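Bear in mind the structure is a predicted one, so any value in this text is a computation, not a measurement.
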Amino acid sequence: MSRQELISPEGLRVDGRRANELRRISCRASVLNSADGSAYYEQGNTKVLVAVYGPREPRNRSLAQQDHATINVEFNIAPFSTSERRKRSKGDKRLLEISSFVKQTFEGAIQTAIYPRSQIDIYIHLLQHDGGTLETCINAATLALVDAGISMMDYVCACTAGFIDETPILDLNFVEESSIEVPNLTVAIMPRNGNIALLQMESKLHSSKLEDVMELAVEGCKHIHRKLDQAVLVAAKDLADKLSN
Amino acid sequence: MASLILSPAEQDFIIRGVEKGFRGDGRGSLDRREVTLRTGMISQANGSARCRIGSLGVGTDILVGVKAEVNTWAAGEPEECGTIVCNVECSPSAAQEFEGRGADEINVELTQLLDRIVGGEQSGLDLRKLCIIPRQAYWVLHIDALVLDVKGGVADALVWATRAALLATKLPRVVVESVTDDSGVARAEFDVVDDAEDQMGLEGARDLPLAATFNQIGRRYVVDASEQEEAVTQAKLTVAVSPKMEICAIQKGGMLKGFAPSLLSEITQTALRIAKEEFARFDALFAEASKHNGELDEEPSTGSTFLEPF
Amino acid sequence: MDVDMESQDTRDIASRIVTPGSVITNDTAFMRGHGTFAERTTIYSSVAGAVERINKLVSVRPLKQRYSGEIGDIIVGRITEVASKRWRVDVNSRQDGILLLSSINLPGGIQRRKSESDELQMRTFFAEGDLVFAEVQSYFADGALSLHTRSLQYGKLRNGTFVTVFPQLVPRSRSHFHTLPCGVDIVLGVNGYIWVSKHVPASKVEENSELIYSDKNEFISDDERETIARIANCIHLLNRLYVKITDTSIIFAYEASLTHAVKDLLTREIAIDLAHNVKTRLEQQS
């Protein structure tokens, strides 16, 4: 798709959004009743389901760490999630890479030192893929971890941003992400102090543009933080009400 | 299956209870737990459904997505039919031992089970209607199931979810034209109509079977075993029955003992007897699920596209 | 600080629902407890829950969490492994608990012989899958709970069925073993593991102390089975509807459930109705 088609002369993107518009977010905690924590998260047409277990006895005791919890992430892309059906093997590089990014991101946010010799498992399922895989996985996992009552210093909120021509755009969908002419990056922040938990870029971006794009992405993260916090409060108030008697 | 270890005292309690007609949760031997069904949650797939069988929101939980793709015919393949390919994957959220490659064995077992029941003509689907141009192009239906939780009765939930997903599946219309090239040779060409309003359901989907699994516990058998009942099961039999009251498939599971042949015929007769009720129940749930389909979500909650937490 | 300002603080701080990263207080007079962390002079929440304040200690209790044990807790656990002179026990916590051979009750007259440390002998007491009723004695250096079953009321659980609930629904109390009016015994483990069984008089247990490690059940009548199933279902529905689980709430649920068949207690509408009924009665009581 050529540049011109990705953004119309009126400034509308292929899905009708403006450059700095986030896709519609819809999310809910406590959706899988056997898990310690869980979340279902939709950002536009991308849909992610996360189950969190733990802290619990590690499956492989020899891998347990004396003074902190180990975080284990398993990420799966459902074969029906992409427009072309595709089944990936468990050793697929892309899956392992995303698992690894998610693990690293949360190692900085979860207070692992208060759960020594135990394991926190994060199982992520991408059910529908329309761009922003890493960003939605992180957002959904945050919600699930909070749902499980696991101590964290802050939420971790992620967002993508890129450039079409000279215009910074927020929250890329699949079409925009796949276009080689659109440089894009994924940023995850911990909103309280704005510290960057993750930064990943997959294409060439001129350094002069980096600041603009980062700024936009961080704004997106803050908005997402409000959405996640809302979902957490809804679930928390629900339980608190039930328990108050 | 995911291992739940019970103490000898618990096992004895369950087995004697079943033999006397008392199941742990008070159900009768042929009673199924609460079933919740939702469809259409994966809008990008041609069809999707989620089925949960259990009590009060805790139970076996399976999500099925159906994707249809056009395949080019190759020599050796059926000339005037489409095909169905099944694939079942268990998530580690169902059991810790399903992490990494831990679920390989059970994935194969469940895939074969599903394939046996819906993987061909025996499913009731009209495979001929899935042919686009004989010896040239046909539809492949990929049925991908994701097992999110296992609390007994996996085979049944798998088949119920698959039936719902296939009934909810819409295929785009295909236009086939005869095109004559310069040398006067006529060839058939097809075009897939890209119009969300112009889609059709699967021919024969109404004939898809449902499955009931019978677990032998002690000297009796029960339908829809709970997680604890699975742990004391000696042998089990999954029977798939079509709406026309035909037995479509039978699969025996469980390693410990064999079935007495007389028990086999008793079970298949029972499967036929309860089939009418099962189909009525499914139809009511499916109709309810279809009502929720396409509902717009107003606020943060997406309860309509995914089952409620309760 | 005068009295007025102190009560102002209480109103401001306690019972608020907070989420990870929220500021609880900047007041340096407070100390931080569970579910919080401090950066410089500010105390933040690390979980989603209600703020609690006991004197100068501020903590946040998450609304959902795995069980974390305290000394003196009465729990139910499942043996997962038989090791040398000890058993590993699943206690629904972040680590398995440990039951040492030296912490169990040996029936009268049996001397501790060296051969008892053989794994084969160990299994005559507890084997994998057995459920134990135990008390938390202490912690190991790595934080794992050390359990004991050194009094006759504790030990191997028989004659019934196992139910799992959210640990935060089982309040700590003086007694965790109850005989209900309907003739069923329940053990409410603070860790969310519950045992529902046929009533066996305490005297019978004392008389036959050598049977405390038996795997055999007593004879259980049809009526007893039905009552056990009814109580188990009541506990399930109290759990799913997030009602505190105590002998009182279970009895209320049982009484309200009698107009329904046992199996119907686990259907959505009836469960919601019964839980509502129980909550009303609990409110009236207090």
Side-chain angles (χ1 to χ4, degrees), chain A residues 24-35 38 40-42 45-47 49-54 56-60 72 74 76 78-87 89-91 119 121-125 127-130 144 147 174 227-235 238-239, chain B residues 41-48 50 52 54-61 63-69 85 87 89 91-104 107 140-146 148-151 165 227 297-310:
Chain A
R24 193 175 127 275
I25 293 170
S26 199
C27 57
R28 187 174 196 141
S30 294
V31 294
L32 289 177
N33 300 308
S34 284
S38 59
Y40 175 64
Y41 181 90
E42 282 181 5
N45 285 322
T46 298
K47 307 184 185 195
L49 178 66
V50 179
V52 165
Y53 282 89
R56 62 178 174 180
E57 183 75 29
R59 211 171 125 225
N60 190 341
N72 171 45
E74 205 176 290
N76 279 294
F80 46 70
S81 63
T82 44
S83 54
E84 244 180 63
R85 187 251 176 206
R86 183 176 154 195
K87 181 176 166 180
S89 81
K90 292 269 173 162
Q119 183 164 308
D121 294 304
I122 306 176
Y123 304 129
I124 306 173
H125 288 284
L127 300 179
Q128 194 160 284
H129 181 26
D130 190 22
D147 188 48
F174 183 74
K227 279 282 182 182
L228 292 177
D229 201 38
Q230 232 171 33
V232 166
L233 284 170
V234 162
D238 180 51
L239 284 186
Chain B
M41 62 279 305
I42 312 293
S43 39
Q44 212 159 270
N46 294 84
S48 57
R50 181 176 173 194
R52 184 164 65 203
S55 312
L56 300 180
V58 180
T60 296
D61 196 339
L63 177 63
V64 173
V66 178
K67 278 196 87 78
E69 299 204 315
V85 177
N87 170 57
E89 225 175 284
S91 164
S93 66
Q96 208 178 5
E97 59 233 48
F98 293 160
E99 271 181 22
R101 306 214 69 102
D104 282 0
N107 287 347
V140 174
L141 290 180
H142 284 283
I143 302 174
D144 290 297
L146 179 59
L148 296 168
D149 207 352
V150 174
K151 294 272 182 284
E227 202 184 0
D297 306 318
E298 308 91 8
E299 27 91 284
S301 160
T302 55
S304 62
T305 54
F306 234 67
L307 297 174
E308 286 149 38
F310 174 74

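Most heavy-atom pairs under 4.5 Å with chain A, from the set B:R101, B:H142, B:Q96, B:K151: that is B:Q96. Contacts with chain B were tallied for A:V52, A:V50, A:N72, A:N76; A:N72 has the most, counting heavy-atom pairs under 4.5 Å. Options A:A78, A:P79, A:S81 differ in how many heavy-atom pairs under 4.5 Å they form with chain B, and the most are formed by A:P79.
Contact between A:Y123 and B:E99 at its shortest, heavy atoms only, is OH-OE2, 2.5 Å.
Heavy atoms closer than 4.5 Å to chain B are found nowhere in A:S38, neither backbone nor side chain. Using a 4.5 Å cut-off between heavy atoms, B:Q44 contacts chain A through both its backbone and its side chain. Only the side chain of A:H125 comes within contact range of chain B, with heavy atoms under 4.5 Å apart. For A:E57, the part lying under 4.5 angstrom from a heavy atom of chain B is the backbone only. Looking at B:D144, the atoms closer than 4.5 Å to chain A (heavy atoms on both sides) sit in the backbone and in the side chain alike. Only the side chain of B:N87 comes within less than 4.5 Å of a heavy atom of chain A; its backbone N, CA, C and O stay farther away.
A:N33 is listed as a side-chain neighbour of B:R52, based on a closest heavy-atom distance under 4.5 Å.
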Problem set entry | Chi angles and distances behind the side chain to side chain contact (heavy atoms under 4.5 Å, CB included) call for B:L63, A:F80 | CA-CA 11 Å; B:L63 177 63; A:F80 46 70; 4.2 Å; yes

For this session: I would like to know whether B:D149 and A:L32 meet side chain to side chain contact (heavy atoms under 4.5 Å, CB included); could you show each step before the answer?
Result: CA-CA 8 Å; B:D149 207 352; A:L32 289 177; 6.0 Å; no

Exercise. Taking it one step at a time, do A:L127 and B:L146 satisfy side chain to side chain contact (heavy atoms under 4.5 Å, CB included)?
Worked result: CA-CA 10 Å; A:L127 300 179; B:L146 179 59; 3.9 Å; yes

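B:E69 contributes atom CD, which lies 12.0 Å from atom CZ of A:R86 (distance to the nearest 0.5 angstrom). The CD1 atom of A:I124 lies 11.0 Å from the OG atom of B:S91; values are rounded to the nearest 0.5 Å.
Between the side chain of A:E74 and the main chain of B:P92, no donor-acceptor pair closer than 3.5 Å is present. Of the possible donor and acceptor atoms, one in the side chain of A:Q128 sits under 3.5 Å from a partner among the backbone N and O of B:S43.
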